Amino acid sequence: MMGKLLSDAQIQGFRDDGYVSGIPVLDPAEVADLVARTEAFEAERPQDVAWAFDIKANLLLDWVYRLGCNDRLLDAVEDLIGPDLLMTNGVYRNKNPGSAVDYGWHQDSARIQVEPCFIIAYVALSPATPENGCLRVIPGTHDRVRPFSLTEGSGQRRRLVARVIDVDESAAIDLPLAPGEAAIFHSNLIHGSAPNRSDARRMALLYDYTPADARQNVGHGSGQLVRGTDRWGHFAPEPVPEPGLTEANVLGRRAILSTYHENVLMGPRLPGETVTFPDRPY
């Protein structure tokens with residue numbers, strides 16, 4: 001029997017290879033609306049873009065939250081990890097023409113493991129191509145966490161990120177997407193993206209979805225319940241943002257990231273480490 005949105009072949013492909021791509025999520029009008037909201041914010045509040053588009057933007061910007069609740073997207077996610085869903089992150093990943101940002105080979109679950117696994121949805125707001133730095137994956141590498149080293153993230157100052165030590169790049173494939181399409185991949189899948197060597201901007205929103213019954217092996221995460229029920233309470237509840245970048249949204253996100261800082265985005269707290277995250281200066 002087919003899932004709510006995905007075919008049996010797509011679901012089996014995810015199980016075998018760790019990803020499914022080319023999922024239609026948004027129509028052209030919906031894409032245009034999101035691009036317009038994004039560009040209007042960038043024009044009106046350029047000083048806030050760097051932090052407001054980063055970790056848990058879904059707690060700051062109502063349109064980021066709403067896209068994460070899109071029924072077509074959630075249908076695909078439910079087909080892969082079940083009916084009780086937490087959205088545990090929403091973040092922009094834009095690359096301007098000529099951007100040198102290179103998200104090296106990594107696994108999102110490397111530093112803190114979650115069981116059952118969470119998954120990541122990449123929703124394209126512009127064409128994603130090999131030339132402008134589309135998502136690249138190594139199929140079948142979602143079976144376990146590989147050895148990694150810690151480094152400061154590209155474009156993510158003061159944030160330690162895990163980079164897989166030995167990668168067989170000959171097995172990598174590109175995941176080109178049209179605007180409005182999504183790729184969904186397992187949190188253990190080795191993936192990355194190259195710099196934007198084109199004259200076109202790459203725009204995307206990425207979401208983490210976690211089964212409500214999941215547990216972290218370190219720390220305590222948090223999330224927004226976007227489908228089903230949470231009978232387990234392993235993740236702290238997060239608020240729904242008000243329209244616009246309001247003071248309540250800013251303070252609510254700050255409280256969540258300060259309290260539940262040992263999450264898959266920020267990793268385990270190291271001895272003597274001061275908790276930092278992108279935030280409005282205060």
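The model shown is predicted, which means the values in this text are computed figures rather than measured ones.
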Donor-acceptor check, side chain of [X] to backbone of [Y], threshold 3.5 angstrom: yes or no?
X      : Y      : answer
Asp174 : Pro176 : no
Asn132 : Thr129 : yes
His261 : Thr259 : no
Asn96  : Ser99  : no
Asp84  : Asp213 : no
Ser222 : Glu238 : no
Asp17  : Tyr19  : no
Asp54  : Pro278 : no
Glu262 : Val218 : no
Asn196 : Ala200 : yes

To the closest 0.5 Å, what do you measure between [atom1] ([X]) and [atom2] ([Y])?
X      : Y      : atom1 : atom2 : result
Asn249 : Leu61  : CG    : CG    : 8.0 Å
Asp71  : Leu73  : CG    : CG    : 9.5 Å
Leu135 : Arg202 : CG    : CZ    : 8.0 Å
Leu85  : Leu225 : CG    : CG    : 8.0 Å
Lys95  : Arg197 : NZ    : CZ    : 9.0 Å

Within-4.5 Å side-chain heavy-atom neighbours: [X] and [Y]:
X      : Y      : value
Arg136 : Pro130 : no
Phe41  : Val49  : yes
Leu177 : Tyr122 : yes
Pro127 : Pro179 : yes
Tyr65  : Gln224 : yes
Val250 : Leu60  : yes
Pro268 : Arg111 : yes
Leu26  : Leu67  : yes

Regarding [X] and [Y], does a basic nitrogen lie under 4.0 Å from an acidic carboxylate oxygen?
X      : Y      : result
Glu78  : Lys4   : yes
Asp208 : Lys56  : no
Glu181 : Arg72  : no
Arg227 : Asp230 : no

Find out if a path of hydrophobic residues (ILVMFWY) with successive side-chain heavy-atom gaps under 4.5 Å connects [X] to [Y].
X      : Y      : result
Tyr207 : Leu6   : yes
Ile256 : Leu86  : no
Val264 : Leu59  : no
Met266 : Val114 : yes
Tyr260 : Ile112 : no

Trace of the side-chain contact (heavy atoms from CB on, under 4.5 Å) decision for Phe14 with Asp79: CA-CA 10 Å; Phe14 176 85; Asp79 287 343; over 6 Å; no
Decide whether [X] and [Y] meet the rule of one side-chain donor and one side-chain acceptor closer than 3.5 Å.
X      : Y      : result
Ser187 : Asp108 : no
Gln12  : Asp8   : no
Ser109 : Gln113 : no
Thr38  : Tyr92  : yes

Val91/Asn58 under side-chain contact (heavy atoms from CB on, under 4.5 Å): CA gap, chis, key distance, verdict: CA-CA 7 Å; Val91 60; Asn58 53 301; over 6 Å; no
Heavy-atom neighbours of Arg215 CZ exceed 12 at 6.0 Å: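 Atom CZ in Arg215 is not packed in, count stays at 12 or less.
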Within 6.0 angstrom of Asn217 CG, more than 12 heavy atoms from elsewhere: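 Correct, the count exceeds 12.
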Chi angles and distances behind the side-chain contact (heavy atoms from CB on, under 4.5 Å) call for Leu206, Val123: CA-CA 6 Å; Leu206 273 68; Val123 183; over 6 Å; no
Set of residues satisfying side chain to side chain donor-acceptor pair (under 3.5 Å) with respect to Glu169, sequence neighbours excluded: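 Side chain to side chain donor-acceptor pair (under 3.5 Å) list for Glu169, sorted by chain: Trp105.
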Derivation of the side-chain contact (heavy atoms from CB on, under 4.5 Å) call for Arg146 and Asp166: CA-CA 8 Å; Arg146 266 60 174 186; Asp166 292 313; over 6 Å; no
Salt bridge (Lys or Arg N to Asp or Glu O under 4.0 Å) assessment of Glu247 paired with Arg254: CA-CA 11 Å; Glu247 185 74 3; Arg254 185 181 298 165; over 6 Å; no
Residue pair Trp51 / Asp48: nearest heavy atoms and the distance that separates them: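 For Trp51 versus Asp48, the nearest heavy atoms are NE1-OD1, 3.1 Å.
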Minimum heavy-atom distance Arg269-Glu273, with the two atoms named: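 Scanning both residues, the minimum pair turns out to be NE-O, 3.0 Å.
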Step-by-step ring pair (Phe, Tyr, Trp, His ring centres under 6.0 Å) determination, Phe185 to His191: CA-CA 9 Å; Phe185 57 99; His191 66 284; 4.5 Å; yes
The single option from Ile119, Ile23, Val226 passing side chain to side chain contact (heavy atoms under 4.5 Å, CB included) against Val77: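 Exactly one option meets the side chain to side chain contact (heavy atoms under 4.5 Å, CB included) with Val77, and it is Ile119.
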